[in-house]
Amino acid sequence: MANQIKISAKLKGSVADVKSLMLHPMETGARKDPDTGNTIPAHHITQLIFTNNGKQVMVANFSTAVSKNPFFGFSFDGAKAGDTLKVSWVDNKGETAELETQLA
Amino acid sequence: MQQTRRLFLKGSMALLALASLPRTLLAAVWPKDSFDSTSASGALNALLGADVTTPSDQIAMKVPEIAENGAVVPVSITTSLENVESISIVVNKNPRPLAASFEIPPGTLPKIACRIKMGETSEVMAVVKTSSGIFSTSREVKVTIGGCGG
Amino acid sequence: MVRLAAGCLIFVATVMVYQDAFAGPAEDRQAFVAYFESRFPNIPFDEYANGIYAIDQDAREQWQEIETFPPYEFTIDQGRDLWEAKFPDGQMYSDCFNGAEIGVRQFYPRVDPQSGEVETLATAINRCREKHGQASLKYGGDEIVALSAYMSFVSRGQPINISVSSDEPRALAAYEDGKRFYYTKRGQLNFSCADCHVASAGQYVRADRLSASLGHPTHFPVYRSKTGGMVSLHQRFSGCVRDVRAKPFALQSREFRNLEYFLTYMSNGLGVNGPGARK
Amino acid sequence: MDRVRVNNDIVMSLKTLSIITLACVFIATKSVRAEDVGGSSCSMPGVGTQIKDIKGRVLTHEELFKQLYDEAECLRRAAAAAGAEWLETETLLLRSLEEADEQRWDSALALAEKARFQAGQALRQAEHEVEAWKHRVVK
């Protein structure tokens, strides 16, 4: 789908409250295809990185034990309106997605 | 033939990744060994260099008592400990116990929320690494097999 | 000959019982709501739109956490894109649903005045496509579920408003058929919908607590953690029928459409709150 | 939950049962068509016992299976027409055919018999429900 990341960032003073949702199967590699019976290879986000105006504010490392269509929320200080918050992920197949948003 | 083709694919994929990745991502390394470890202590050793953690009541972990569905278990962790460097979630009874690990740079609050998979009823441990040590708190989360599934 | 006579006798008998066994839809609904009110005196009426989470506190907290950023948001986007796309003739879905950007979910299912059949949101969507020369969407498929999800989303808060018009005998017949389906035991386990979702609402089936039927249709389609995908109301019907080990009917079959008609009428007055997240 | 009540006092042939069931279901559902009723005239060979034809000739396994299968399938169709088919009946019949193709008559007969039993029970259930559901309506 076009937009593989959703993000909501709310400013409370200088603290940004960030919530994000990613469209990803997060296959464990243990599941079998009900039709073919073949094992479905692992396919999961490995790293999720947030930067604010280029400064890294969060690195989240995921295993296959993170739920399908992962949700992740965190907060960071030193944010102000107009800052550019950028989120990007990479998965174990080298696929990536990223999204930018302005803090408000 | 197969071999070279696979190599080529790998190569091209890596390139594609490199091309489209932000610099920061290249810096950070995904802790493969910790995630591949099949024991909690193995995972912690690989990740933090030790598997001994100090129980701390300054860590607040919110998890359900009974998971509505093991595929989606909400976990949120926050701590009043100082100088937090990372927060990790360990599910002892999962085939690979380390579920996720979060690197907390200065300025970022030690407060995270995510949703994880649990194969069976297990202790869930929040592990917080600070400049002064490794602390943890644990809660049991029951995973039940549904009847008709809601 | 004898059998024929027997058949006729039963015919007559059945017709008689059938007649006087029926209160009107309005009385049915009052009794239905009153039953749950007395069964769960602490649950306000509006809460039933939240299904089992009106009853199960621990599950409710997990559900609320998931609803803070629910996975179905991607589906709503997909549905919005489909809704806003133009047909080759330049028309759009909104032209079929009286230009409604404001939701219409609460008016479905309805009885189509032409065919006299129950028209659900899904069949209405396909009828719209037909009208504009488009192939029907597969029921339960991504696109029709995404459209329904978006249409429910823009209808959130609208009170469900289903009518069983007394001057439309086919509407009453469809309602009665859905009602009969709802209360009829079926399958190897010999359960009716009501056995679980009226008589045993709030009780456990192994690890699951049974939801109350009041409010069942308000929140569909739902994102299910179990499958990690969207599930339509008829897919859920199908799952329930399977669970009692009876052979499920087809999605959007007359049986399921009539059941939806009855069930949704029972939930009149509750706010639409689909799409929802469920286990 | 009470199981389907199998009434032992009245030994009613499935033939009569299905006709009555269908007659009732016909009234109740208005969804059963004439051909369904036609499809419900089913014979009843008891499996296991030796079945002889009019000339006193013992039926072969194949002939017996054919009878049993046809009856089971016909009952299944009647149950389906009554909207009361159980989940696995059709699968059992398919498996019985596969067994028959392999000449494995014991399992073929056993599967067909199980299917016939299920379809018969489904019909009894439907017959019982023609009236019974009304007593569950919330009043």
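Computed over heavy atoms, backbone and side chain alike; hydrogens, waters and symmetry mates excluded. Naming convention: chains lettered A, B, ... in sequence-line order (proteins, then strands); numbering from 1 in each chain.
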key: Side-chain heavy atoms of B:R115 within contact of A:V66, under 4.5 Å   = no

inquiry  = Looking at every non-hydrogen atom in both residues, tell me the closest pair between A:N61 and B:V29 and how far apart they are.
reply    = OD1-O, 4.2 Å

key: Heavy-atom closest contact (A:V57 atom, B:T108 atom, distance)   = O-OG1, 2.5 Å

query = Relative to chain A, which of B:G107, B:S101, B:A100 shows the most heavy atom pairs under 4.5 Å?
reply = B:S101

query = In terms of heavy-atom proximity below 4.5 Å to chain A, should B:P110 be classed as side chain, backbone, both, or neither?
reply = neither

Portion of A:K19 that has a non-hydrogen atom of chain B nearer than 4.5 angstrom = neither

note = Checked A:F71, A:F72, A:F76 vs chain B; the most non-hydrogen pairs under 4.5 Å come from A:F71

query = How many angstroms lie between atom OG of A:S63 and atom CG of B:N94, to the nearest 0.5 angstrom?
reply = 7.5 Å

Heavy-atom contact with chain A under 4.5 Å, split by part of B:V73 = backbone

ask   = Of the backbone (N, CA, C, O) and the side chain (C-beta and beyond), which part of B:I112 lies under 4.5 Å from a heavy atom of chain A, both, or neither?
value = both

query = A:V18 versus chain B, heavy atoms under 4.5 Å apart: side chain, backbone, both or neither?
reply = neither

key: Over 12 non-hydrogen atoms of neighbours within 6.0 angstrom of CD in B:E65   = no

request  = Please name the pair of heavy atoms, one in A:Q47 and one in B:W30, separated by the smallest distance, quoted to 0.1 Å.
outcome  = NE2-N, 3.7 Å

key: Plane angle bin for B:F102 and A:F62 - parallel if under 30°, tilted between 30 and 60°, otherwise perpendicular   = perpendicular

ask   = Given a strict heavy-atom distance threshold of 4.5 Å, which part of A:L21 is in contact with chain B: side chain, backbone, both, or neither?
value = side chain

remark   = For A:N52, the side chain to side chain donor-acceptor pair (under 3.5 Å) test, sequence neighbours excluded, returns A:D83

message = Minimum heavy-atom separation for B:K117 and A:T28, please, with both atom names.
response = NZ-CG2, 3.5 Å

inquiry  = With a 4.5 angstrom heavy-atom cut-off, is it the side chain or the backbone of A:N92 that approaches chain B, or both, or neither?
reply    = neither

query = Donor-acceptor pair, A:S67 side chain versus B:A71 backbone, under 3.5 Å?
reply = yes

query = Under 4.5 Å between any side-chain heavy atoms of B:K111 and A:D17, yes or no?
reply = yes

inquiry  = Is B:A99 in contact with chain A via its backbone, its side chain, both, or neither, using a 4.5 Å heavy-atom distance?
reply    = both

task = Pick whichever of A:T46, A:T64, A:V15 has the most heavy-atom pairs under 4.5 Å with chain B.
result = A:T46

